[in-house]
Amino acid sequence: MGYVIFKNATLIDGNGGDPRYNVSVLVENNIIREVSECGISLQSADVIDCKGNTLMPGLVDGHMHLGLIEIEVVDIVRRNPIGLIAARMFRNMRELLEQGYTSARDTGGADAGFRLAMENGEAVGPRLRVSGPCIAQSGGHGDNRGPSEYRPYYEGNMGFRSRLADGVPEVLKACRETLREGADFIKIMACGGCASPTGGPNACQYTFDEMKAAVDVADNAGTYVAAHCYSDKSISRCTEAGILTIEHGNLLERPTAKLMAQKGTYLVPTQITYEMVLEHAKDSLSKFMYDKFIAVNDRGYEAIKIAMEEGVKIGGGSDLTGRNTKYASGAIAYQAKAQGAMNAIVSFTRVNAEIMGMSEQIGTIEEGKLADIILVNDDPLKNIDLFKNPKDNILVIMQDGKLYKKMI
Ligand SMILES: [Zn+2]
């Protein structure tokens with residue numbers, strides 16, 4: 001690989017400080033070796049003249065599901081052959097990288113094989129952290145049975161899937177099995193969801209003891225629990241139980257935000273998923289589901305503002321379904337509506353890297369970090385919407401020192 005120098009760049013390094021101008025960045029193999037405002041020259045290096053365009057860390061998606069291959073998510077594992085689901089999941093991986101996501105966290109569905117395939121160079125996509133199947137309660141978000149079905153739950157082997165566990169012993173076992181299979185962290189469903197056939201975002205799922213059981217298993221293994229939550233009650237219960245990341249969190253209220261800030265709990269909003277379903281796919285939803293999407297969307301922006309004001313650490317995710325995956329890089333633009341552009345950039349770089357457990361390696365452009373770098377063709381602080389069109393607006397994508405895209 002050798003040396004690459006990015007010169008004449010405006011640098012947004014992911015730490016949230018003001019942009020720096022006329023910066024050069026030296027990459028040696030897959031490592032960022034030097035960041036300098038005095039210019040860098042090295043005979044043997046390939047030079048990329050950034051022409052004043054903005055250099056940023058590769059984007060990190062804090063919440064996505066490779067296995068959400070269809071908008072109607074409930075029966076994906078029963079409707080499709082395993083090989084087809086896998087093929088579409090690998091396509092989703094490639095699409096995420098094409099949109100500038102050099103790393104991503106799969107919060108339910110993908111097994112360790114996807115992470116390994118990327119690490120071994122057998123698949124193209126973001127570096128991954130995966131939870132394997134979500135852990136869900138009977139009748140909870142993730143249980144795909146309708147109210148008049150008495151068949152046993154079928155977990156499936158591939159795609160967006162959940163593992164049902166009720167009571168402390170079953171939760172302990174399900175979490176241990178999931179980690180045995182190679183998951184990097186545990187995801188539980190602690191609340192109803194928008195895309196499930198029964199229940200809704202106001203519900204609360206799992207008891208405190210069940211949540212704590214999941215946290216203990218994860219903690220023993222040196223990892224953590226992420227929880228799907230909408231209702232304020234489920235968020236506060238999860239926070240008390242020691243869960244590290246609250247996914248969605250749309251109905252968050254101020255006292256709970258204070259508690260999250262105190263405990264160091266992360267909020268991972270996913271605003272783009274509601275926006276995209278409402279914009280592109282509302283005809284595919286039942287009225288029951290449509291109403292749930294409308295209800296949580298507006299409230300989600302307010303939750304982000306409350307979290308910011310209370311000092312909660314905020315990541316962010318795309319959480320898109322089906323063909324909407326092609327809009328994933330726009331997530332940062334929707335989140336900026338509540339946070340402002342710079343905060344949204346920090347969420348989708350440095351903070352999501354922390355959530356991935358990779359803050360030492362990725363998330364900022366600093367000496368010693370892995371060379372995950374993108375170059376965009378406009379000032380993202382003035383035009384954060386540029387991320388809605390990554391094909392034209394992301395000029396360079398470098399992942400682990402390798403140039404995946406170069407249009408300059
Ligand atoms: Zn999700």
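We count ligands from 1, going down the list as the structure has it; atoms in each ligand are counted the same way. Model, not experiment: these values are computed from the prediction.
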Asker: Taking all non-hydrogen atoms of both residues into account, name the closest pair between Leu320 and Tyr327 and its distance.
Answerer: CD1-C, 3.8 Å
Asker: Could you check whether Asn53 and Asn377, counting side-chain N and O atoms only, form a donor-acceptor pair closer than 3.5 Å?
Answerer: no
Asker: Considering the Zn ion (ligand 1), could you give the total of protein N/O/S atoms lying closer than 2.8 Å?
Answerer: 3
Asker: Whether the Thr256 and Glu253 side chains hold a donor-acceptor pair (N or O, under 3.5 Å, no angle test) is what I'd like checked.
Answerer: no
Asker: In terms of relative ring orientation, are Phe185 and Tyr224 parallel, tilted or perpendicular, with 30° and 60° separating the classes?
Answerer: parallel
Asker: Quick one: is the NZ or CZ of Lys292 closer than 6.0 Å to the six-membered ring centre of Tyr274, and within 45° of its axis?
Answerer: no
Asker: Between the main-chain N or O of Gly52 and the side-chain N or O of Thr10, is there a donor-acceptor pair closer than 3.5 Å?
Answerer: yes
